[in-house]
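Worksheet: one structure, shown below.
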Protein chains: 2
Amino acid sequence: MPLYRNPTIIDVAQAAGVSKSVVSRVLTGNGQVSAQSRRKVQQAIAKLGYSSNAAAQALALGRTRNIGLLVRRSTAPFYGRLMFNLQEHAARAGYRMIAVTGNLDNASESRALQTLLELRVDGLVIGSGNLPTEEFRVIAANLPTVVVGRPAEGSNADVVRIDAVRQAHEAARVLRANGHHRIGFIQVPDSLSAAPRNRALRSILPEAGFDLTVAEGGYDLHEAVLAVRALLAEAPRPTAIISLSADGAWAALREAEVRGIAVAAELSVLSLDQPDDGYAVTREITSIPQSSGELAAQAWALLSARLENPAREPREVLVFSPVHHGSTVGPAQS
Amino acid sequence: MPLYRNPTIIDVAQAAGVSKSVVSRVLTGNGQVSAQSRRKVQQAIAKLGYSSNAAAQALALGRTRNIGLLVRRSTAPFYGRLMFNLQEHAARAGYRMIAVTGNLDNASESRALQTLLELRVDGLVIGSGNLPTEEFRVIAANLPTVVVGRPAEGSNADVVRIDAVRQAHEAARVLRANGHHRIGFIQVPDSLSAAPRNRALRSILPEAGFDLTVAEGGYDLHEAVLAVRALLAEAPRPTAIISLSADGAWAALREAEVRGIAVAAELSVLSLDQPDDGYAVTREITSIPQSSGELAAQAWALLSARLENPAREPREVLVFSPVHHGSTVGPAQS
DNA sequence: TTGTACGCGTTATCAT
DNA sequence: ATGATAACGCGTACAA
């Protein structure tokens with residue numbers, strides 16, 4: 001059936017005129033080999049184009065050096081960045097990162113998860129904000145698992161997520177420092193990842209004395225625009241808009257421009273999401289970002305600690321990035 | 001070392017009180033098993049939470065049912081969509097899709113490719129518009145390989161890409177039908193994937209009698225905006241802007257809005273890229289799209305044909321999507 | 001320093 | 001219908 005047989009260690013051994021254990025030794029670096037054997041083996045490897053067989057290694061070693069990443073939908077910029085950043089860390093540590101994506105529903109995500117289990121990944125990163133914890137509770141009990149961006153209570157998984165409360169306090173501080181009072185808040189659809197952030201802002205901002213109007217930002221730019229329009233139609237108009245999604249902030253800038261409202265001077269815009277590349281067209285958006293780089297770094301730290309010590313107690317790490325001062329927040333109109 | 005041992009077929013066999021061959025038979029569906037044995041085995045599988053070991057299967061069968069996808073940077077929306085769509089096809093055909101991403105440079109992409117080889121993928125999809133063909137020429141000679149979105153001359157790989165020439169002719173047709181003559185063209189940075197499309201438009205539009213002004217659209221929305229500004233500063237101003245990137249089209253709409261130029265009536269905008277979700281805020285962009293869904297479908301068709309018959313002659317498939325009539329192209333001002 | 005032999009989990013072949 | 005057994009490619013004790 002196979003038109004082509006990959007060269008094996010045995011092929012290399014024959015070509016080099018040594019036994020296969022010698023080849024294995026130069027490959028792994030374990031044990032002693034004479035300089036001459038090493039040279040001959042290396043030449044044979046290069047000549048045959050030998051590439052190690054991960055499946056055979058996995059079987060022999062009992063581990064794969066694969067780590068799996070599950071994302072809900074690879075088309076979302078956040079997941080793309082997460083995949084990108086995580087692969088960096090994994091590669092540096094000598095692990096392969098294998099990414100699989102669901103298809104927007106829990107069933108397909110479970111299947112994707114099953115794929116990773118069959119691949120016998122040594123560690124698992126769950127980047128889905130929607131998959132119910134129950135779906136991987138049993139898995140996390142036996143496999144080093146870190147969940148990104150959402151809680152995973154009742155499971156043995158490590159968690160890294162945004163410090164929603166601190167983020168809300170920081171937002172309040174920034175807006176208060178600029179004398180704002182009437183705030184429009186664009187929230188995102190509730191999910192395991194979004195709910196805590198929606199909740200934190202909805203409770204902390206009013207507690208801090210702000211007059212808060214809430215609008216649903218939805219899943220895309222189109223819905224975000226509708227939310228902005230609703231907020232701008234309020235009377236009196238909010239002096240600041242705070243958005244949990246980059247789309248919301250972008251939509252606010254756009255609508256302001258269309259209506260001739262001066263951003264910062266007449267309407268402040270604060271984003272709590274990391275703006276996508278290229279969003280900073282006319283001006284840098286003031287934000288308290290949800291840094292995928294930071295999340296990935298912490299996720300890897302947790303995962304590698306767990307790989308070294310599987311019995312380690314699960315931890316929850318909250319990441320927080322300080323305000324990034326752009327040019328979209330200014331003093332409130334008096 | 002492993003705190004946890006995954007249950008094996010042997011464990012299942014013991015729990016079910018049968019031999020491991022029986023278990024293997026119910027798992028694979030090959031051979032006959034009594035209804036009673038099947039039932040007992042299925043119960044044992046559920047009870048133990050057995051999950052097949054892909055590495056052992058790969059070793060025994062000589063193939064993995066993995067197909068690998070290499071992308072240049074997972075943060076680009078196009079690659080996210082490609083990954084998403086391709087996974088759909090692969091899953092339906094009983095293959096796992098494993099995605100790996102490079103880190104913007106050829107060296108990291110080669111390493112990612114190496115990962116896929118070690119995983120002994122049965123098939124390979126190269127979604128990178130930049131990796132030199134030479135880097136995978138030898139691989140494609142022995143492994144079913146399809147390249148998406150760019151040529152791969154001199155290799156044994158199948159190719160699926162946009163029909164750049166037909167796309168250019170279609171663009172010319174649309175613009176001519178609306179009486180346009182002065183055209184601003186936003187091209188994208190030359191790469192193996194972009195160069196043919198840049199070239200087709202730069203040669204075919206002037207041949208068709210258009211007065212073409214070219215601007216470099218760059219890699220992101222920011223650079224696209226600069227390109228649009230340059231085009232709008234021309235005197236006389238172009239009556240239509242045609243963009244190879246969705247960013248360019250979006251930037252054109254935005255700049256027109258800011259300057260009070262009526263889109264369609266005073267300035268037509270034609271996109272040759274698939275607009276990202278949510279881009280159609282105020283109006284539907286008229287486009288001759290580069291459909292990632294269509295590319296993925298054709299890529300899978302080529303790959304599965306090659307998987308069935310490895311000796312098949314490599315083919316090149318050109319995909320073309322007809323114009324999508326939005327509301328951004330109108331008659332030229334006379 | 002080198003070679004031999006066994007085991008990893010699975011499938012397929014051959015007896016029974 | 002079922003059970004025993006030989007591969008698959010690799011790592012590693014162990015013997016030489």
Side-chain angles (χ1 to χ4, degrees), chain A residues 1-2 4-42 44-45 48-66 94 96 117-122, chain B residues 1-2 4-42 44-45 48-66 94 96 117-122:
Chain A
M1 169 72 103
Y4 174 75
R5 232 185 95 266
N6 282 287
T8 71
I9 281 195
I10 298 186
D11 298 327
V12 174
Q14 285 183 345
V18 297
S19 82
K20 66 171 191 166
S21 25
V22 174
V23 178
S24 183
R25 276 193 268 271
V26 347
L27 249 15
T28 62
N30 301 337
Q32 302 296 317
V33 257
S34 68
Q36 174 173 356
S37 295
R38 163 167 289 111
R39 206 170 36 74
K40 285 196 293 188
V41 167
Q42 283 165 341
I45 286 177
L48 296 178
Y50 171 82
S51 156
S52 61
N53 184 326
Q57 279 181 331
L59 216 49
L61 289 174
R63 54 204 189 84
T64 56
R65 296 200 81 80
N66 294 339
R96 307 180 188 92
L117 294 185
E118 292 177 358
L119 259 14
R120 294 291 190 268
V121 292
D122 291 337
Chain B
M1 168 69 105
Y4 172 76
R5 230 184 98 266
N6 282 288
T8 71
I9 282 194
I10 298 186
D11 298 327
V12 174
Q14 285 182 346
V18 296
S19 81
K20 66 173 190 165
S21 339
V22 174
V23 178
S24 182
R25 276 193 267 271
V26 348
L27 249 16
T28 62
N30 301 338
Q32 304 295 317
V33 257
S34 69
Q36 174 174 357
S37 294
R38 164 167 289 112
R39 206 171 35 72
K40 284 196 293 188
V41 166
Q42 283 164 341
I45 286 176
L48 297 179
Y50 171 81
S51 157
S52 62
N53 184 326
Q57 280 181 330
L59 215 50
L61 289 173
R63 55 205 186 81
T64 56
R65 295 200 81 80
N66 295 337
R96 307 180 188 92
L117 294 184
E118 292 177 358
L119 259 15
R120 293 292 190 268
V121 292
D122 290 339

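Computed over heavy atoms, backbone and side chain alike; hydrogens, waters and symmetry mates excluded. Order of the sequence lines fixes the chain letters, A, B, ..., with proteins taken first and strands second; residue numbering starts at 1 for each chain.
The side-chain hydrogen bond (donor to acceptor under 3.5 Å, both in side chains) check on A:S37 picks up A:S34, with sequence neighbours excluded. Listed by chain and residue number, nothing satisfies the side-chain hydrogen bond (donor to acceptor under 3.5 Å, both in side chains) test with A:Q42 (two or more places apart in sequence, or in another chain). A:S21 pairs by the side-chain hydrogen bond (donor to acceptor under 3.5 Å, both in side chains) definition with A:S19, not counting sequence neighbours. Legend: residues meeting side-chain hydrogen bond (donor to acceptor under 3.5 Å, both in side chains) with A:S52, ordered by chain and number and at least two apart, are absent. Looking at residues two or more places apart in sequence or on another chain, you find no salt bridge (charged side-chain N to carboxylate O under 4.0 Å, His left out) involving B:D122.
Nucleotides of DNA chain C lying under 4.0 Å from heavy atoms of chain A occupy a range whose first and last members, 5' to 3', are C:dT1 to C:dG9.
Sequence neighbours left out, not one pair with a member in residues 19-38 of chain A passes salt bridge (charged side-chain N to carboxylate O under 4.0 Å, His left out).
Side-chain atoms of B:R65 come within 3.5 Å of backbone atoms of B:G94 as a donor-acceptor pair (strictly under, hydrogens ignored).
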Quiz item: With the sugar-phosphate defined as primed atoms, P, OP1 and OP2, and the base as all remaining atoms, what B/S/- string results for nucleotides 8-16 of chain D, 5' to 3', for protein heavy atoms under 4.0 Å?
Solution: BBBBB----
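One distance of note links CG of A:N6 with CG of B:L117; it measures 8.0 Å at 0.5 Å rounding.
Neither OP1 nor OP2 of D:dA4 sits under 4.0 Å from any side-chain N or O of B:S19.
When side chains are defined from C-beta on, A:E118 counts as touching B:R96, because their heavy atoms get closer than 4.5 Å.
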When the side chains of residues 7-18 of chain B are checked against the rest of the protein, which donor-acceptor pairs come out under 3.5 Å, sequence neighbours left out?
| residue | atom | partner | partner atom | Å |
| --- | --- | --- | --- | --- |
| B:T8 | OG1 | B:I10 | N | 3.1 |
| B:T8 | OG1 | B:D11 | N | 3.3 |
| B:T8 | OG1 | B:D11 | OD2 | 3.4 |
| B:D11 | OD2 | B:R5 | NH2 | 3.1 |
| B:D11 | OD2 | B:T8 | N | 2.8 |

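Comparing the helix axis at one end of the helix from C:dG3-D:dC14 to C:dT16-D:dA1 with that at the other, each defined from 5 consecutive pairs, gives an inter-axis angle of 50° (nearest 10°).
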